[in-house]
Amino acid sequence: MSKYDFNKIEEKWQKYWAKNQTFQAKNNSDKPKYYVLDMFPYPSGAGLHVGHPLGYIASDIYARYKRHKGFNVLHPQGYDSFGLPAEQYAIQTGQHPKKTTKENIARYREQLDKIGFSFDWSREVRTSDPDYYKWTQWIFMQLFESWYDYEADKAKPISKLEELFTSEGNTKVNAACDSNVEPFSAEDWNAFSSEKQQKILLQYRLTYLAETEVNWCPQLGTVLANDEIVNGVSERGGYPVVRKKMKQWSMRITAYAQRLLDGLDGIDWPQPLKDSQINWIGRSEGASVTFDVKDHDETIEVFTTRPDTIFGVSFMTLAPEHDLVSKITTDAQKADVEAYIEATAKRSERERMADVKTISGVFTGAYAEHPFSGESIPIWIGDYVLAGYGTGAVMSVPCGDQRDYDFARHFDIPIPNIFEGIDISEGAFADKDKTVITNSDFLNGLQYKAATNKVIEALEQKGAGKGKINYRLRDAVFSRQRYWGEPFPVYYKNGLPQLIDEAHLPLTLPEVSAYLPTEDGEPPLGRADVWAWDIQNNEVVANDNVDNETVFPLELNTMPGWAGSSCYMFRYMDPKNDDALASQEAMDYWQNVDLYVGGSEHATGHLLYSRFWVKFLYDRGVLPVEEPFKKLINQGMILGESAFVARFSKKVSFAEKDKISESVLKSRSDAKSWFNNIKNSIEKVIEFDNPILLSQSYSLDFKNIEWLKHYLKEEDYKYLNKEKYVAYYSVDNVPAHVDDVNISNELDLESFKDFRPEFKEAEYIKEEDGTFKVSREVEKMSKSKYNVVNPDDICEDYGADTLRMYEMFLGPLEQAKPWNTAGISGVHNFLKKLWKLYHQGNSPLEGGKGGVFQVTDDAASKDSLKTLHKTIKKVEEDIENFSFNTSVSTFMIAVNELTTQKCTSREVLEPLAVLISPYAPHISEELWSLMGHTESIATAPFPKFEERHLVESSKEYPISFNGKMRFTLELPLDMSKDEIESAVMAHEKTTHYLDGRTPKKVIVVPGKIVNIVG
RNA sequence: GCUGAAGUGGUGGAAUUGGUAGACACGUUGGACUUAAAAUCCAAUGGCCAGAAAUGGCCGUGCGGGUUCAAGUCCCGCCUUCAGUACCA
């Protein structure tokens, strides 16, 4: 069978599966259910590369395995089709994102089909489809109509809250709400205007509109969530991000902080992933303490994890942005404080983060009063205190905290010592669990735990504080100033948001003249002419009709990318349902996802938000489950090998250059490795008097070399002051298969000119032999790096079965690994050998002739049965453990053994085909049908392992001397310990190795090993 | 800095509860078939040393210790790489 025939067979079975709906899942079945889900792809214009299907192949193997095991398997696929790239493309070309998205999806589908996945395509969903986003909007409305009751620890309808307000005001309500909610009584509430009531309710809703400080990305023209920012720049595009106050929709995910934490215990997820969610939620226990400000009617609330150190407080520090700063600063300090605030505001978040070594701050002139001693405590501001965490203020205990200590030392603030046996003047810090507290009034003689309890009690008595749990988790900003996303089902009446009626969903995206923000800085929906809501007719009408009586303006923001992906797994259960997200029966049957496969990069984004929404919908009785994904597996990334051709860059002097590439250096180790690169290069310069070679990753512009000095040793940065190192060359990505092309002369380079326009201009560097200098690096596969390997090409050359098996054979599923085509022939050969096992004749695979199919009804040999059953056992274990690479090896061993045994027996070859079918479904189907079956192999029962075929009567014992294996000896397994010992001792080789000595001890582990200690 | 994962031949990677390190594959070398090539098949393949050979010896799972009859696996102390996260009070 030639490779051409492989393709024919694969095409045949792909058509067969599609025609017969082989993988369509039933919503009711006598079989137990199993739900296998992949993280659905964003259909980008670049198409799939070989890295994308890795997880899909693994989950497909598992889904197919579960079908063989008798489960009713739901294994759907869809598209996360709202998003930035389609919109960016639309901005550039004017093409409607709807159009490009549709084209991209068609391309994805074609590529996916070629790999032979067992998806139930009848359940496909697309997040940008109005029939789908109707339900995204619907969930948003449920959130808007809900509040979180900490007493019951669940979300409830907002009407219940209104009832409570009407009957008892808000003072007894323990709800998740804005921090600046004012207390009011029932009488107050009933006297409030309806507008004021609505404003107050908005402070309690689980999705709310509020002025929040957001991450604004000017280049993308939108806000970004924290998890969409990587190293201070946008994840997409790498553009700078600044802090900005804007009115935004937010999701009150903080209400669920504790439950999101607790829920992790009950789900089977990789520990590293759980850890990153735990860190992201960032629970810390401590106390909130209130300090009165002297001579003011103000108080400062701080959060501390160490209330026991309260007698060590010698100053307080506020974030420069803290509200109180302007109120309490004395006239004498005013100028200094304002200058400082201005200076810090100018610095980007990134600079501030990077510059952790510089200690800066200003005294406000004001003092706070110690709640117990009554002493005056100077109030400072300092940018080491973050406005966004806790209360934006800290009580500074220099003897207990490194940063407070550094600050105090820098500004000569006293450092009182409250720890016994610790000499703080030498900068020694106490181990909190071992040290006794002193100089602390009623806490003297106590240790951390006891002191903490006692001081919290005392604070509560005084009304100056209480025990508190603080979370790092922030509410999630939910608006984006983009076109290609779900519109909010919201219109504005007197500036207050109102929901459109549920019956009129979906609110579909309007047409716009262009996809850019408007000249006034409004989101792209501001360009829509027909984007107002008529409450009488319940329809979208032209903006001209807005009269704020019956026609109101609609929301211009759209929802973020994670909106559509948070509950899609439930939509697959009943994707065409027009009356509900999914029918109750469907949800009761399928429950939640049994196995979810996807990348770990979604740890603090999608996977957290999804858990939040599901918990919420569970609270509100929509979903029967509280967690979306019971088990989760992270597949590692497949990396690409990039080739770079080196070229001279324009001449640049370090000294005169002062732009920094902020995205490159994020830590000391980054700076170190970056610098080593330069240093090595500089040495080369000295040596060769040549341009400096920088690794391509660092061939960016640098500014502010001064800043680097924080990271470098003195002996290092002397290099930075030399101006003679003026030029470097950057390197350009060339196609990863450049080896095949071999850039050896100018002519070859010509062929790449279409590839990158700058090739025409650039001057390239040549090796001594005249070829161009080409280097290689392993990095993420990406179109822009020209290192993408297309699965279609692999399917074309080797077939989908080879691609599937090879991707599995590459290594453990969770591990990141570079794509390397070198080994693919091994897997391809295996499939050929497998084919040959079922055929008779000399090399039937070569020459395209096939060979004569031959499977007999003869009884299988003992050896063949042993091979089969050992394979069944191993493969079953491997699949259950997601160790797909080792089962491919097992198949290879099995086929090699059966070939040697010349096995042609149906008794063995039939189950073997079933075993292999999850991995190589096409060839297995073909063999299955050749063996006379008319039904697909897909639901054939998984072969049953029988121990009796593996029972051995003897074992080849390794005989070792002092732990070193010397020879093996075949002995019956039923021999007793003593018999084994005497048999071994009687052996001539034993005598040889003992060389006359008497053994001190002989260890016999029956069935395992013999060790002679001499 | 903190958290997590990992370090095994030329390469990708195997090694149940501690029990024959290097399965399986790639690559390499040699051979068969062929006019030749491809394809296929067979054999060898961790390193070093001795030997004509059969064979034998030593060293070997990042480094240094330890526990054990026995350590890639367990314990202690380091190093390196990768990923996440970061002035979190």
From the candidates B/rA89, B/rC59, B/rU40, the one with an atom nearest any side-chain atom of A/Thr304 is B/rA89
Would you say A/Lys1001 places a side-chain N or O within less than 4.0 Å of OP1 or OP2 belonging to B/rC69? yes
Picking from B/rC24, B/rA5, B/rG13, the nucleotide nearest the side-chain atoms of A/Pro272 would be B/rA5
| Cut-off 3.5 Å, side chains only: do A/Thr867 and A/Glu897 have a donor facing an acceptor? | yes
Taking B/rC69, B/rG4, B/rA25 as options, the one with an atom nearest any side-chain atom of A/Asn1011 is B/rC69
When we call it a touch if two heavy atoms are under 4.0 Å apart, what does A/Lys1000 touch: a base, just sugar-phosphate, or nothing?
nothing
Over all strands shown, is A/Pro812 touching base, sugar-phosphate only, or nothing at heavy-atom distances under 4.0 angstrom?
sugar-phosphate
In Watson-Crick or G-U wobble terms, with both distances under 3.5 Å, the base opposite B/rU55 is B/rA50
Margin query: Please report the distance separating the C1' of B/rC41 from the corresponding atom of B/rC59, rounded so that it comes out in whole Å.
Written below: 36 Å
- [ ] Output yes when at least one side-chain N/O atom of A/Lys274 is less than 4.0 Å from OP1 or OP2 of B/rG84, else no.
- [x] no
Between A/Glu807 and A/Val50 the two heavy atoms that sit nearest each other are OE2-O, 2.6 Å
Against the side chain of A/Ile893, the closest entry in B/rA23, B/rA14, B/rC59 is B/rA23
Closest non-hydrogen atoms of A/Met805 and A/Val888, given as atom of the first, atom of the second and distance, are O-CG2, 4.1 Å
task: Sticking with atom P, work out how far B/rG57 lies from B/rA5, rounded to a whole angstrom.
output: 41 Å
Margin query: I'd like the C1' distance from B/rG65 over to B/rA15, given in whole Å.
Written below: 26 Å
Of B/rC41, B/rC87, B/rA86, the nucleotide closest to the side chain of A/Arg472 is B/rA86
message: Any side-chain N or O of A/Asn820 below 4.0 angstrom from OP1/OP2 of B/rU11?
response: no
Regarding the side chain of A/Asn829, the nearest nucleotide among B/rC26, B/rA21, B/rA15 is B/rC26
Using the P atom as the reference point in each nucleotide, state the distance between B/rA50 and B/rU28 in Å, no decimals. 29 Å
- [ ] Considering just the side-chain nitrogens and oxygens of A/Gln815, establish if one lies under 4.0 Å of OP1 or OP2 belonging to B/rG12.
- [x] no
Per the glycosidic torsion and the 90° limit around 0, nucleotide B/rG66 is anti
From NZ of A/Lys817 across to C1' of B/rA14 the rounded distance in Å is 15 Å
Testing B/rC41, B/rA14, B/rG19 for proximity to the side chain of A/Lys836, the answer is B/rC41
Item to complete: Rounded to whole angstrom, note down the P distance from B/rG7 over to B/rC63.
Response: 13 Å
When both distances are under 3.5 Å in a Watson-Crick or G-U wobble arrangement, the nucleotide paired with B/rC69 is B/rG19
Are the side chains of A/Trp269 and A/Asn634 in contact, using a 4.5 Å heavy-atom criterion? no
Scanning all shown strands, the Watson-Crick or wobble mate of B/rG12 with both distances under 3.5 Å is B/rC24
For atom P, what is the distance between B/rU17 and B/rC74, given to the nearest Å? 10 Å
Closest of B/rA89, B/rG19, B/rC88 to the A/Ser284 side chain is B/rA89
Rounded to whole Å, CG of A/Leu971 lies from P of B/rU20 at a distance of 16 Å
Which of B/rC69, B/rG13, B/rA23 is nearest the side chain of A/Val1013? It is B/rC69
### Query
Can you tell me if the side-chain N/O atoms of A/Arg966 get under 4.0 Å from OP1 or OP2 in B/rG57?
yes
For this session: Could you tell me whether a side-chain N or O of A/Tyr993 sits under 3.5 Å from a main-chain N or O of A/Ser960, the two making a donor and an acceptor?
Result: no
Any strand, both distances under 3.5 Å, Watson-Crick or G-U wobble: B/rU3 pairs with B/rA83
Tell me yes or no: between the side chains of A/Thr254 and A/Asp475, is some donor less than 3.5 Å from an acceptor? yes
Between A/Pro958 and A/Thr890, the residue closer to the 5' end of RNA chain B by nearest nucleotide is A/Pro958
Sticking with atom C1', work out how far B/rC33 lies from B/rU20, rounded to a whole angstrom.
38 Å
- Task: Assign A/Phe891 to base, sugar-phosphate, or nothing according to its heavy-atom contacts below 4.0 angstrom with the strands shown.
- Result: nothing
Atom CD of A/Glu814 and atom P of B/rC82 are separated, to the nearest Å, by 20 Å
query: Hey, is the side chain of A/Asn885 poking within less than 4.0 Å of OP1 or OP2 on B/rA14, counting only N and O atoms?
result: yes
Which of B/rC88, B/rC69, B/rA5 is nearest the side chain of A/Leu386? It is B/rC88
- Item | Beyond-backbone contact of A/Arg804 with A/Ile57, side-chain heavy atoms, under 4.5 angstrom | yes
Closest to the 5' end of RNA chain B, once A/Asn896 and A/Arg403 are matched to their nearest nucleotides, is A/Asn896
What I want to check is whether the side chains of A/Ser276 and A/Thr604 have a donor and an acceptor closer together than 3.5 Å. no
In whole angstroms, the gap separating P of B/rA15 from NZ of A/Lys1008 amounts to 16 Å
Re B/rU61: Watson-Crick or G-U wobble partner, both distances kept under 3.5 Å, found to be none
- [ ] Under 4.0 Å between any heavy atoms, over every strand shown, what does A/Tyr993 touch: base, sugar-phosphate, or nothing? Just pick one.
- [x] sugar-phosphate
Discussion item. For the C1' atoms, the ones on B/rC49 and on B/rA32, what distance do you get once it is rounded to whole angstrom?
Written reply: 34 Å
Whole-Å distance, A/Lys955 NZ to B/rG19 P, equals 12 Å
